[in-house]
Amino acid sequence: MARITLSCLPASWYCSVSLLSLGCAPRQRLLLLLLLLFITSALFLLGTNQRLLWGPRQRPGARVNKYLSIAESMEATDVLNPALNYGIVVDCGSSGSRVFVYYWPRHSGNPHTLLDIRQMKDHDHKPVVKKIKPGEEVELGRISTCILCTAGMRLLPDSQQAAILEDLVTDVPLEFDFLFSSSHAEVISGKQEGVYAWIGINFVLGRFDHTDEEDATVEVTTGSQNQQPISRRRTVGIMDMGGASLQIAYEVPSAITFNSPQEEEAGKSVLAEFNLGCDVEHTQHVYRVYVTTFLGFGGNMARQRYEDQLVNKTLAQNRFLTTQTGLFEDKPYLDPCLPVGLSDTVVRDNRTLYLRGQGDWARCQEAVQPFLGLHNGTMSPGGVYQAPINFSNSEFYGFSEFYYCMEDVLRIGGQYDSAKYSRAATDYCSTKWSTLKKRLDNQLFAQQADISRLKYQCFKSAWMYEVLHSGFRFPTDYLSLKTAQLVYDKEVQWTLGAILFKTRFLPLRDLPQETLRQSHPSWLRSSFVYNHHLFSLCILVVVLAILLYILRLRRIHQREQRQAEALNLLWAEEGEALLP
């Protein structure tokens, strides 16, 4: 018969449990079965709880992205929960100010993890951006407030900026019971805004969680040159092209060697190294990011600069060659960057230049290249130093015009493929203007496409291509660029990165409390059963109980054996007395 033997006992202490019968009394067999059932149930429950706490290692393809679940959460924020903390960021921009409200639960106490910051949602399940509805009573916990001013304030003289900030620092604490100090109100640079945008997007994508070994990683050198590189999850770079400016930000994992003191000085102005962790001694969350903004390199401003040159160049040629090109509607200037057959005008200083679309995308590329202001060496558009990019191990997201150029009329937004993009742009530019207008009327383009988009799509598509491949020198076979308008169907603001950076030291207040809780465990705390020390203790108790029970059974068995031997001896003596 098959047997289960506890071989960890001494040779004289063993209990063999037969699968068909137990070598014990019926009452003892029942008790032993109940004990084994209790042990099995306890181990199963404890093992289940441990898996719920620490989480199983998911199979590839079956992983659940916790950041996606965070982004898709539609629950209204429980403002009555006293364990939540809140942060407010006021974005003072050139076209107005917006208020963003964020919240986070108590920190886990692990110095390697960041705060779990989420955007607050109202009762309609919409992000709280402007204000809470009038009349609502909200019990909020500790509220940290930041007032960060961007492009609009940067245009003001320094004296006016200082006066406005001084008024804010004085008046806000008088009107609101917020955690607010002079360091919480500032005019941030374009560089800071770019860093915050980079932090926000990588946080939402979960790239600061370095525990997942299945994702792509990079070797990062931080601190001193003698420090060993660390391996962690690969972050994403971002490119954002608006109407007036172009911005790029990405991590530079390796230390940079500069070719000259001038290049080193230029590099320092566009490189930012910072620690997102709460402990400055830990380098797990130290990042070195290249970020810069190119004013005048947005899609609309680039077109304006292009038209300015057309006017000046055409008028100069007309005077030198005594021609009338572009001065009259029947003698238009043939613009390769306008769709075929489109008539347009450019007015500068009471002078009108008449244009007619030629729709030649290849010639348009050549025409826009000079406006990049390229220089020899590692210099990006406008002659600004650009840190090296490891194109074999990198990933980028393109926002705003990068997405609009691909999606609004070409309808190929998402994964970028230069060959596919070039074919689509060439076909569009060479399509007659009358045909494009009919397609717009038949709603064959994206919903946000309009006449202005159709007119300047050919130019902007060429401008985007040249910025990407001639300006930033992305290889034409680069396949790790995604163009997007949203991340997980949500707009990611730079304010999320700002509140994460501003609150990076707040977890320190929870670390001593967590240490105290661990050093004084309570049997009444439900989370105590998840502690692995308790799990080990429970196993030890169960093993001791089994040993004691087996010892007790052994003593009972020995006592019964001695009684049986005495009885047999008595019977033998009585039998001998009965013999004749």
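Note that the structure is a prediction, hence the values are computed from the model and not measured.
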Do Tyr287 and Trp198 have ring centroids that are under 6.0 Å from one another?
yes

Indicate, with yes or no, if the rings of Tyr416 and Phe402 have centres closer together than 6.0 Å.
no

Roughly how far, to the nearest 0.5 Å, is [atom2] of [Y] from [atom1] of [X]?
{"X": "Leu327", "Y": "Tyr354", "atom1": "CG", "atom2": "OH", "value": "9.5 Å"}
{"X": "Phe472", "Y": "Leu481", "atom1": "CZ", "atom2": "CG", "value": "11.5 Å"}
{"X": "Glu186", "Y": "Leu168", "atom1": "CD", "atom2": "CG", "value": "12.0 Å"}
{"X": "Ser480", "Y": "Gln415", "atom1": "OG", "atom2": "CD", "value": "7.0 Å"}
{"X": "Leu84", "Y": "Trp104", "atom1": "CG", "atom2": "CH2", "value": "10.0 Å"}
{"X": "Leu374", "Y": "Gln369", "atom1": "CG", "atom2": "CD", "value": "7.0 Å"}

Assess whether a salt bridge exists between [X] and [Y], defined as any Lys/Arg side-chain N lying under 4.0 Å from an Asp/Glu carboxylate O.
{"X": "Arg453", "Y": "Glu401", "answer": "yes"}
{"X": "Asp335", "Y": "Lys455", "answer": "no"}
{"X": "Arg207", "Y": "Glu251", "answer": "no"}

Given Leu276 and Phe203, is the side chain to side chain contact (heavy atoms under 4.5 Å, CB included) satisfied, shown in steps?
CA-CA 11 Å; Leu276 277 182; Phe203 178 74; over 6 Å; no

Would you call the rings of [X] and [Y] parallel, tilted or perpendicular, where under 30° means parallel and over 60° means perpendicular?
{"X": "Trp361", "Y": "Tyr465", "value": "perpendicular"}
{"X": "Tyr196", "Y": "Trp494", "value": "parallel"}
{"X": "Tyr478", "Y": "Phe474", "value": "perpendicular"}

For [X] and [Y], which heavy atoms make the closest approach, and how far apart are they?
{"X": "Val236", "Y": "Ile201", "value": "CG2-CG2, 4.1 Å"}
{"X": "Ser400", "Y": "Asp240", "value": "OG-OD1, 2.8 Å"}
{"X": "Val487", "Y": "Val492", "value": "CB-CG2, 3.7 Å"}
{"X": "Val195", "Y": "Ala272", "value": "CG2-CB, 4.0 Å"}
{"X": "Val368", "Y": "Cys337", "value": "CG1-SG, 4.3 Å"}
{"X": "His469", "Y": "Ser418", "value": "NE2-CB, 3.8 Å"}

Within the distance-only criterion (no hydrogens, no angle test), does the side chain of [X] pair as donor or acceptor with the backbone N or O of [Y] below 3.5 angstrom?
{"X": "Arg233", "Y": "Asp209", "answer": "yes"}
{"X": "Arg303", "Y": "Phe459", "answer": "no"}
{"X": "Ser245", "Y": "Gly298", "answer": "no"}
{"X": "Arg232", "Y": "Val218", "answer": "no"}
{"X": "Trp463", "Y": "Asn300", "answer": "no"}
{"X": "Arg348", "Y": "Asn312", "answer": "no"}
{"X": "Gln317", "Y": "Thr314", "answer": "no"}
{"X": "Thr170", "Y": "Asp167", "answer": "no"}
{"X": "Glu273", "Y": "Val286", "answer": "no"}
{"X": "Gln485", "Y": "Phe399", "answer": "no"}

Are the side chains of [Y] and [X] in contact, using a 4.5 Å heavy-atom criterion?
{"X": "Glu265", "Y": "Gln262", "result": "no"}
{"X": "Met464", "Y": "Ser461", "result": "no"}
{"X": "Lys460", "Y": "Met241", "result": "no"}
{"X": "Asp116", "Y": "Pro105", "result": "yes"}
{"X": "Leu342", "Y": "Leu436", "result": "no"}
{"X": "Val289", "Y": "Thr235", "result": "no"}
{"X": "Val311", "Y": "Leu315", "result": "yes"}
{"X": "Leu372", "Y": "Ser470", "result": "yes"}

Could you check Ile248 against Thr292 for side chain to side chain contact (heavy atoms under 4.5 Å, CB included), going step by step and ending with a plain yes or no?
CA-CA 6 Å; Ile248 185 171; Thr292 190; 4.0 Å; yes

Is the distance between the SG atoms of Cys364 and Cys429 less than 2.5 Å?
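No - the two cysteines, Cys364 and Cys429, have SG atoms at least 2.5 Å from each other.
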
Derivation of the disulfide (SG to SG under 2.5 Å) call for Cys92 and Cys149:
CA-CA 4 Å; Cys92 301; Cys149 309; 4.0 Å; no

Side-chain donor-acceptor pair under 3.5 Å between Asn275 and Arg504, yes or no?
no

Are side-chain N/O atoms of Tyr102 and Thr495 paired as donor and acceptor at under 3.5 Å?
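Indeed, the side chains of Tyr102 and Thr495 share at least one donor-acceptor pair under 3.5 Å.
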
Over 12 non-hydrogen atoms of neighbours within 6.0 angstrom of CD in Gln448:
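Counting other residues, nucleotides and ligands, CD of Gln448 exceeds 12 neighbours.
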
Does atom CD of Gln160 have more than 12 heavy-atom neighbours, drawn from other residues, nucleotides or ligands, at distances under 6.0 Å?
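Yes - once you tally the heavy atoms of other residues, nucleotides and ligands closer than 6.0 Å, there are more than 12.
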
Could you walk me through whether Lys268 and Tyr385 pass the side chain to side chain contact (heavy atoms under 4.5 Å, CB included) test, one step at a time?
CA-CA 10 Å; Lys268 289 180 179 179; Tyr385 170 81; over 6 Å; no

Working note: Gln493 + Arg98, criterion side chain to side chain contact (heavy atoms under 4.5 Å, CB included); need CA distance, chi angles, decisive distance, verdict.
CA-CA 11 Å; Gln493 299 287 344; Arg98 291 195 293 174; 3.4 Å; yes

